[in-house]
Amino acid sequence: MSWKPEADDLARRHAYAENLGGPEAVAKHHSQGRLTIRERIAGLCDSSSFQEVGKLTGKGTYENGELKSVVPAPYVMGLAKIDGRPVAIGGEDFTVRGGTSWGSDRRKGGQGGFVEDLAHEYRIPLVNLIDGAGGTVTSAARRGHTVFPGVHGFERSVQLMSEVPVVSAVMGTAAGGPAGRAILSHWSVMVKGTSQVFAAGPPVVERSLGQKIHKEDLGGAQIAVDQAGTIDNAAENETDCFAMIRRYLSYMPSNVWELPPVVDTGDAPDRRDEGLLTIVPRERRQPYNMRKLLGMIIDRDSAFEIQPTYGRAVITSLARMNGKVVGVIANNPMVNGGAMDVKAARKQTHFVQLCDTFHIPIVFLVDVPGFMVGLQAEQAATLREGMKSVYTALQATVPMLTVVIRKCYGMAGMGTTDKNGLDFKIAWPSAEWGSLPVEGGASAAFKREIESAPDPKARLAEIEADLRRFASPLLTAEAFAVEDVIDPRDTRPYLCRFIDAMQGRLATTVGQKLRAGVCP
Amino acid sequence: MARQEIRSEITGSVWKVLVQPGAKVGPDDPLLILESMKMEIPVTAEVDATVVEVTVKEGEALNEGALLAVVET
């Protein structure tokens, strides 16, 4: 008496599931540089950590009550571990019916479904490996009626945004629902050359607008990542993509009720980099390499840039200081002189919300002359997007530390300090601030005096020199209107002490955050 | 030998043109200096290259994405 026949039957059914769309379809998929969902999960997660759920789901064919074959459901999902921590993970397999959705009784995943319920109930990160075409018109014929949009809706997906880290990787061509699913994430990534994302693909675009366009030109990484910022980062290939997902999650807590993991990075908190003394040119019109500068301050090789190719006037990077996770927001003087344009504003808004949600303290490295100016900037609504980023920063409650490297002017400068907390801001000797710079300001304010002088040019220079005397950050420090002016080499030790000291406070304020009101 | 277009990553104007067609440049050598938001922004080819053509003049206003030069790598 044993259940061996049933166990053998299960093993046979599992083999059908592992077969996916069959060897031919899988070989074709591989030849395009793409992996199956099972290979992706194995490549991303800790070895042998995948506990699949719903492996029997599919459509069986029977003859006289005998099972002949099973076409497995395209969606594969379950529980796995990444760096020893549990995650809920799932994705469509393109080799099975192009990864189209499956009319099972209970949805497995994709938009809501078991895998998203699992992330919600167990408070563990959700990883979406998206490679599906979404709905198919054939389902209407099967059901006998069409389905109202959102019946398998995004309500759980939206809820997860305030609970657990959600990562989406676009691993193929995603249009409609799957594309929307990718956006509803804390961080998204796509693979250069083999993945595209858009509201609708080339056939729909041609029907609707008469435009003929290739899918790569419509929604490849160059459009979706570099130009539009629809997806955050681009990976070179699928293996690189898995490494990036693991790296991103290493900075994240498992949920908003916990703090991110602390690791020993082996970099001394009191390290003083000599390069910091010379990196900012004395000539105010000359820019410098802000990425290099921030690299000297954070733990060695700990930077993971979010949206590195979009909104490049600001750099947003996860990083570590004395092993603790921080979010660095640094203006980039090489692009628009660091002025905040629409793209930079959007990027900063998203990053501040990300850090605030997961209790990741923010370090501002400030060199911002203000919002971007000019007709193009006004047409693009820089003022509105810029104020949105200021609003988000002023609403955030996570601790922020501000280091003014050079310029801190105007409204963009306003959004760089911890107004709901310690309001702690220190400056380098190269720092300057105010409502507007002395140049231009002096010739306007002292117009008559300059014009009536025997040598107007000399008088203007005198006035400017006179005003610039007040521009020294040391005078502001004497009035304790800035908390300190420091030797640039002391930046890392100074910040590390404050980041260490705030850990207790962070532990007492975990949990979900309420963001009331209307963002402009 | 591949031709490569150097485009402006910023909105601003051309402050200085530093190279002529035929000039050989290294990855960090500036081809031009742009001016934007009162800052002088150097533009490099980022690789070893020979300048084929500079398509802008000093003082010219630029939008993001404007063609600045063509180099051969």
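Throughout, a chain's letter reflects where its sequence line sits, starting with A, and its residues are numbered from 1.
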Give a yes or no on this: more than 12 heavy atoms of other residues, nucleotides or ligands lie within 6.0 Å of atom [atom1] of [X].
{"X": "Gln222(A)", "atom1": "CD", "value": "no"}
{"X": "Asp301(A)", "atom1": "CG", "value": "no"}
{"X": "Arg7(B)", "atom1": "CZ", "value": "yes"}
{"X": "Gln20(B)", "atom1": "CD", "value": "no"}

Atom pair [atom1]/[atom2] of [X] and [Y] - distance to nearest 0.5 Å:
{"X": "Asn336(A)", "Y": "Leu34(B)", "atom1": "CG", "atom2": "CG", "value": "11.0 Å"}
{"X": "Lys38(B)", "Y": "Arg284(A)", "atom1": "NZ", "atom2": "CZ", "value": "8.5 Å"}
{"X": "Met372(A)", "Y": "Ser36(B)", "atom1": "CE", "atom2": "OG", "value": "4.5 Å"}

*Can you name the nearest heavy-atom pair linking Pro333(A) to Ile41(B), along with the distance?*
O-CD1, 3.3 Å

*Please report the closest heavy-atom contact between Val335(A) and Glu9(B), naming both atoms and the distance.*
CG1-O, 4.4 Å

*Given Val373(A) and Met37(B), is the side chain to side chain contact (heavy atoms under 4.5 Å, CB included) satisfied, shown in steps?*
CA-CA 8 Å; Val373(A) 300; Met37(B) 300 298 286; 3.8 Å; yes

*With a 4.5 Å heavy-atom cut-off, do Pro42(B) and Gln286(A) have their side chains touching?*
no

*Could you list which of residues 66-73 of chain B have a heavy atom closer than 4.5 Å to any heavy atom of chain A, in residue-number order?*
none

*Run the side chain to side chain contact (heavy atoms under 4.5 Å, CB included) check on Lys407(A) and Met39(B) step by step: do they pass?*
CA-CA 12 Å; Lys407(A) 295 172 187 165; Met39(B) 296 292 284; 3.3 Å; yes

